[in-house]
Structures are given as structure tokens and as C-alpha cells.
Amino acid sequence: MILGIDASNVRSGGGHTHLVQLLESLNPSKHQFKKIVIWSKQSILNSLEDHPWLIKRNDFFLEGNYIFRAFWQWRKLGKLTVEENCSLLFIPGGSFLTNFRPIVTMSQNLLPFKLKEIKRYGFSLFTFKLLLLRFFQSRSFKRSNGIIFLTKKARDTVLEITGTLKGQKIVIPHGIHKRFFNPPRIQKKSIKNKSNYPFKLIYVSSIQPYKHHDNVVIAVSRLLQKGIPIIFDMYGSPQSRAVKKLQNIIQKYDSSGQYIRYHGEAEHADIQKLYFNYDIAIFASSCETFGQILLEGIAAGLPTICSNMSSMPELVRDSVIYFDPLNIDSIVLALDTFISSPQLRSEKAEKSFELAKHFSWQKTADETFSFLHSILSK
């Protein structure tokens, strides 16, 4: 059998990581696929390892914006899939316009299905884009032969919008790359009012309204006012309106930039090196399909305080300290509790590190391609 993968809507971030790790962990013959044909923009194809069974295809339209890619799906993808003798088409980007069947797609973006979160962007072009994605992804899921979800919470949230889906459904979590794994260190003792011995906090995530960086900054500033020595560093790609708001709040609470700092986007290949230099990780999102960054942080041995919303409790269970990301007092309490107790940090770090070992890209690949094969079998 020959599998086609339409990666036209995989551009960067988590979708790119998933595609790279999925193919690196794959043994196609194990699942009776003799060849895989993948269509994507050239930079994505260049990032994929070469294999005798992997055929990489590019097209002028795949280098363009969403309109170009949608036209390519509508007018060209079906014909190309037939020409390559594909038995099945896998579309990890979620949306499709082709009439080729059978198709398995994925839900990797929960934001379009949470109206409350969309409203955080106000009246903007991005809001309109999210609403369009909501329509097209809902339509695609309804027309799919199979749909892969990353968590049960994400599945249930999408189904509240789409209603019953006829295609087969399965939950397959992402994995964690082995480079992130680092056993928890001996926890720093709580020494307050010692400015030369600060607790180093890290928050890695894109700067978006639903990530609530502003609330975390205010919470950290309150602890600083109490005399608790803290360095708080944030890394992540900026969304223009959200990052401007964040910079204004940093200026208000730490104009010198001595304690609260935003460093811009970090290279994904280097993130694990950052984690190894910090004491506590923070994850304050209120809308996540999965929470890849959260899991990478606990794999790196960091005791973590985490949002109690969306899919996070399903993923990390009781291995972190939870807080309400919409409530600044809740964030302050979680941080203060963690900083004050080296024993609690040690216990949570050990528990979360063991939990992280259950997330394997090899397992993700095996479950994904077994599901793809089952769609063909039925």
C-alpha cells in the first residue's frame, strides 16, 4: 500500500515537530506501507530525513498563503494522489478540500473551537481567520473516514461544536524527544531576602492572549514586593498585539528589566538547554490541544506550576501544582507554595519525570500508522 500525506498546512511549530518525529520513528513495512508520498513546502521537506520509502513532492502553490494552498488542495491534490497510486490520504493539518477518499485527518488546533478564547483577539483579522478555520475544520472532520485527536478533552471540545462525526475516532498523544530528558536536580532551598540566590522561573510559549503572560508577570511582581528573590524569563514567538501588551506590563512592574524579562522566540533545538538552567517552569495557557511544551519541561526535570484548564490535568495529572490562569492570587499562591517547599518541588519533579517517560514518539508512530491501516482494512 502507498500512503499520501498532505502536509500543505503544516508550516512550523508543533505541527512541524509532529511530522518530523512521526516519520523519524516510522518503520513503514511494519504497517504494510511500502511507500509514503508527502506534499509540503520545500523548507518542511528539507527538514525530513531521506529514506528509500519516502517520496517528497513540492509545488509552486505550496509555497504561498492559505488561498494558494486551498486552491492546490481543491484542484490538484486529488489528481496527484491518484497518479501516485495512493491507497489512503493522511492530512495532519486538519482541513481539506479534495474529493479523494479515504482520508484520515487530525485535530491539532483547539483555539478555533473555543469561542471564549477567540473573543480575546477582539475585532481583528486573526479572529476572522480563526472563525474560518472553525468552519473548514468542522467540515473536514465531518467528511473524514478517520480523525486523530491528541487528548480526550480536545476530542470532547471539538465534538461539542461539530456534533456526531461518522468517521472513526481515536486519541493518540504526541511523544517527547529523548533530548529533553534530564533527571530532576537537588532542589534549591528556600532562602528569602537573598538577592544573590534567586529562584529562576521560565515560561516557554508563544505570546498570545490565551497564554496569560500578563497575569504571571503581575503575580511574580507581587512576590518580588514581598522580598522573594526571583528571576522570571519568558521565551516565545510574538503575536503583535499581545507582545505589545506584555512589554507595557513588564515596563510597569520592572522598568529596569532586572527581574522580569522577555527574550523573544527560542530555537526549538535549544529549548532543552534553557530548561536545564532554571528552577521552576510555568505554563499558564487556558486553551491547549495537547501542551507539548508543558511535557518537554517536566521531562527536563523541572518542577512545574500549571494552568488547571483545558487538557493539562488530563496530561500531567497530579505531578504539578495547579492554578487558575485567570486569577492572579491563584498564581501567587502556587508560586509561593512551590518556592517555600523544596520537598514538594522534589516530589512533584520526580513524579512528573516518571510520567513523561510514557510519552514516546515511537509509540505515537506505531499507534498512528496502525490506525491508518485499520481505516483501509475497514
Novice: side-chain contact (heavy atoms from CB on, under 4.5 Å) for I161 and F141? Distances and angles first, verdict last.
Specialist: CA-CA 11 Å; I161 304 302; F141 295 158; over 6 Å; no

Novice: Using 4.0 Å as the upper bound for N to carboxylate O, is an ion pair formed by K348 and D318?
Specialist: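 No, this pair does not count.
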
Novice: Parallel, tilted or perpendicular: which fits the ring planes of F359 and F290, with parallel below 30° and perpendicular above 60°?
Specialist: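 F359 and F290: perpendicular rings.
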
Novice: Could you tell me whether the side chains of Q21 and T364 share a donor-acceptor contact shorter than 3.5 Å?
Specialist: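 No, no side-chain donor-acceptor pair sits under 3.5 Å.
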
Novice: If I compare all heavy atoms of Y278 with all of Y235, which pair ends up nearest, and what's the gap?
Specialist: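 Scanning both residues, the minimum pair turns out to be OH-OH, 3.1 Å.
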
Novice: If you define the side chain from C-beta out and look only at heavy atoms, does anything of I282 sit under 4.5 Å from I202?
Specialist: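 Contact flag for I282/I202 side chains = no.
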
Novice: Evaluate the side-chain proximity of I298 to F353: yes if any heavy-atom separation is below 4.5 Å, no if none is.
Specialist: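 Side chain of F353 against side chain of I298, heavy atoms only: no contact under 4.5 Å found.
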
Novice: Keeping the roles fixed (side chain from R345, backbone from F338), state whether a donor-acceptor pair exists under 3.5 Å.
Specialist: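 Yes, because the side chain of R345 sits within donor-acceptor range (under 3.5 Å) of the backbone of F338.
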
Novice: Determine the interplanar angle of the F61 and F71 rings, folded into 0 to 90°, and report it as parallel if under 30°, tilted if 30 to 60°, perpendicular if over 60°.
Specialist: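 The rings of F61 and F71 sit tilted, inter-plane angle from 30° to 60°.
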
Novice: Kindly say whether A7 contributes a backbone atom to a donor-acceptor pair with the side chain of S40 at under 3.5 angstrom?
Specialist: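 Here the side-chain-to-backbone pair exists.
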
Novice: Yes or no on side chain to side chain donor-acceptor pair (under 3.5 Å) for N27 and S29, after CA distance, side-chain angles and deciding distance?
Specialist: CA-CA 6 Å; N27 177 3; S29 60; 2.9 Å; yes

Novice: List the steps and the verdict of side-chain contact (heavy atoms from CB on, under 4.5 Å) for R57 and I55.
Specialist: CA-CA 7 Å; R57 300 288 190 228; I55 311 300; 3.3 Å; yes

Novice: Between K56 (side chain only) and L48 (backbone N and O only), is there a donor and an acceptor less than 3.5 Å apart?
Specialist: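 Here the side-chain-to-backbone pair exists.
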
Novice: Could you tell me the separation between the OG atom of S25 and the CG atom of D366, rounded to the nearest 0.5 Å?
Specialist: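 The distance works out to 8.5 Å.
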
Novice: Mark yes or no for whether E63, through its side chain, and Q42, through its backbone, hold a donor-acceptor pair below 3.5 Å.
Specialist: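 It does hold such a pair.
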
Novice: Specify the closest pair of heavy atoms between H31 and M1, including all atoms of both residues, with the distance to one decimal.
Specialist: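 Minimum heavy-atom contact is O-CE, 4.0 Å.
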
Novice: Quick one, I147 with Q168, criterion side-chain contact (heavy atoms from CB on, under 4.5 Å). Give me CA distance, side-chain angles, the key distance, then yes/no.
Specialist: CA-CA 6 Å; I147 309 100; Q168 297 181 57; over 6 Å; no

Novice: Measure the CE-CD distance between M106 and Q137 for me, rounded to the nearest 0.5 Å.
Specialist: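 Interatomic distance, M106 CE to Q137 CD, rounded to 0.5 Å: 11.0 Å.
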
Novice: Distance check, rounded to the nearest 0.5 Å: L3 atom CG versus Q32 atom CD?
Specialist: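 The CG atom of L3 sits 13.0 Å away from the CD atom of Q32.
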
Novice: Supply the atom-to-atom distance L133 CG to S140 OG, rounded to the nearest 0.5 angstrom.
Specialist: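 Rounded to the nearest 0.5 Å, the CG-OG separation comes out at 10.0 Å.
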
Novice: If you count heavy atoms of other groups shown closer than 6.0 angstrom to CZ of F128, is the number above 12?
Specialist: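 No, because the 6.0 Å sphere around CZ of F128 holds 12 heavy atoms or fewer from other groups.
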
Novice: Walk me through it: do S374 and S377 pass the test side chain to side chain donor-acceptor pair (under 3.5 Å)?
Specialist: CA-CA 5 Å; S374 74; S377 300; over 6 Å; no

Novice: Would you call L22 and L26 a side-chain contact if the rule is heavy atoms closer than 4.5 Å?
Specialist: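 The answer is no, as the side chains (C-beta and beyond) never meet within the 4.5 Å cut-off.
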
Novice: Any side-chain heavy-atom pair from Y262 and I249 closer than 4.5 angstrom?
Specialist: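 No, too far: nothing below the 4.5 Å cut-off.
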
Novice: Please check if atom CZ in R317 has more than 12 non-hydrogen atoms from other residues, nucleotides or ligands closer than 6.0 Å.
Specialist: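 Counting neighbours around CZ of R317, 12 or fewer heavy atoms of other residues, nucleotides or ligands fall under 6.0 Å, so no.
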
Novice: Is the distance between the ring centroids of Y259 and F232 less than 6.0 Å?
Specialist: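 No.
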
Novice: If you count the non-hydrogen atoms of other residues, nucleotides and ligands that lie under 6.0 Å from NZ in K245, is the total more than 12?
Specialist: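 Open: at most 12 neighbouring heavy atoms sit under 6.0 Å from NZ of K245.
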
Novice: Evaluate whether atom CD of E83 has more than 12 neighbouring non-hydrogen atoms of other residues, nucleotides or ligands under 6.0 angstrom away.
Specialist: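 Check passes, neighbour count above 12.
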
Novice: Under 3.5 Å, side chain of R120 to main-chain N/O of Y210, donor-acceptor pair present?
Specialist: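 No; judged by distance alone, with no hydrogens or angles, the pair does not exist.
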
Novice: I'd like to know if the side chain of N65 and the backbone of F68 have a donor-acceptor N/O pair within less than 3.5 Å.
Specialist: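 Yes, N65 side chain to F68 backbone: donor-acceptor pair under 3.5 Å.
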
Novice: Donor-acceptor check, side chain of T151 to backbone of T289, threshold 3.5 angstrom: yes or no?
Specialist: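 At least one qualifying donor-acceptor pair exists.
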
Novice: Less than 4.0 Å between a side-chain N and a carboxylate O, is that true for K273 and D270?
Specialist: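 Salt bridge present between D270 and K273.
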
Novice: On a heavy-atom basis, which atom in V158 and which in S107 lie closest, and how many Å separate them?
Specialist: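 Residues V158 and S107, closest heavy atoms: CG2-OG, 3.8 Å.
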
Novice: Would you kindly say whether R143 and N99 are connected by a side-chain donor-acceptor distance under 3.5 Å?
Specialist: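 Yes.
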
Novice: When you measure from the centre of the six-membered ring of F369, is the NZ or CZ of K30 under 6.0 Å away and within 45° of the axis?
Specialist: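 The answer is no; the distance or angle limit is not met.
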
Novice: May I ask you to test the F371-I148 pair for a side-chain heavy-atom distance under 4.5 Å?
Specialist: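 Sidechains of I148 and F371: in contact.
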
Novice: For the atom pair CE (M309) and CE (M312), what is the distance rounded to the nearest 0.5 Å?
Specialist: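 M309 atom CE to M312 atom CE measures 8.0 Å (nearest 0.5 Å).
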
Novice: Are any of the side-chain heavy atoms of K153 and L315 separated by less than 4.5 Å?
Specialist: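 No, side chains not in contact.
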
Novice: What about V243 and F126, same hydrophobic cluster or not, with Ile/Leu/Val/Met/Phe/Trp/Tyr joined at side-chain heavy-atom distances under 4.5 Å?
Specialist: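 No; F126 is not reachable from V243 via cluster members.
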
Novice: Classify the angle between the aromatic ring planes of H51 and W53 as parallel (below 30°), tilted (30 to 60°) or perpendicular (above 60°).
Specialist: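 The arrangement is parallel - the two ring planes meet at less than 30°.
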
Novice: S205 and side chain to side chain donor-acceptor pair (under 3.5 Å): which single residue from K211, H213, H212, E288 fits?
Specialist: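 Passing option: K211.
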
Novice: Would you name the heavy atoms of T127 and G122 that are closest together and state the gap between them?
Specialist: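 Result for this residue pair: OG1-O, 2.6 Å.
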
Novice: Return yes if some donor-acceptor pair links the side-chain N/O of Q292 with the main-chain N/O of G175 below 3.5 Å, else return no.
Specialist: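 Yes; at least one donor-acceptor contact below 3.5 Å.
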
Novice: May I have the step-by-step check of side chain to side chain donor-acceptor pair (under 3.5 Å) for D279 and Q187, ending in yes or no?
Specialist: CA-CA 8 Å; D279 302 309; Q187 296 300 310; over 6 Å; no

Novice: First locate atom NZ of K188, then atom OG of S346, and finally report the distance between them rounded to the nearest 0.5 Å.
Specialist: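 Nearest 0.5 Å value for the NZ-OG distance: 15.0 Å.
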
Novice: If you look at every heavy atom in F276 and A300, which pair is closest and at what distance?
Specialist: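 So the minimum-distance heavy-atom pair works out to CE2-CB, 3.8 Å.
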
Novice: At their closest point, which heavy atom of A299 faces which heavy atom of I176, and how far apart are they?
Specialist: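 For A299 and I176, the tightest heavy-atom pair comes out as CB-CG2, 3.9 Å.
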
Novice: Can you check whether I207 reaches S237 side chain to side chain, under 4.5 Å on heavy atoms?
Specialist: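 Not in contact.
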
Novice: Check the pair T304, I321 against side-chain contact (heavy atoms from CB on, under 4.5 Å), reporting the backbone distance first and the verdict last.
Specialist: CA-CA 7 Å; T304 300; I321 292 292; over 6 Å; no

Novice: For the pair D254 and R261, find out whether any cationic side-chain nitrogen is under 4.0 Å from an anionic carboxylate oxygen.
Specialist: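 Salt bridge: no.
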
Novice: Applying salt bridge (charged side-chain N to carboxylate O under 4.0 Å, His left out) to K200 and D233, what does each step give before you reach the verdict?
Specialist: CA-CA 8 Å; K200 298 180 68 177; D233 289 322; 5.7 Å; no

Novice: Quick check on side chain to side chain donor-acceptor pair (under 3.5 Å): which of K178, H177, R179, E296 does Q272 satisfy it with?
Specialist: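 With Q272 as partner, K178, H177, R179, E296 yield a single side chain to side chain donor-acceptor pair (under 3.5 Å), made by R179.
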
Novice: Might you work through the side chain to side chain donor-acceptor pair (under 3.5 Å) test for Q239 and Y121, ending with a clear yes or no?
Specialist: CA-CA 10 Å; Q239 191 261 349; Y121 291 88; 5.9 Å; no

Novice: Examine distances only and state if a side-chain atom of D6 and a backbone atom of I91 form a donor-acceptor pair shorter than 3.5 Å.
Specialist: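 Here the side-chain-to-backbone pair does not exist.
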
Novice: Any heavy-atom pair between the side chains of V316 and L295 that's under 4.5 Å?
Specialist: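 L295 vs V316: side chains touch.
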
Novice: Without hydrogens or angle criteria, can the side chains of Q343 and E347 be said to hold a donor-acceptor pair below 3.5 Å?
Specialist: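 The criterion, which ignores hydrogens and geometry beyond distance, is satisfied for E347 and Q343.
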
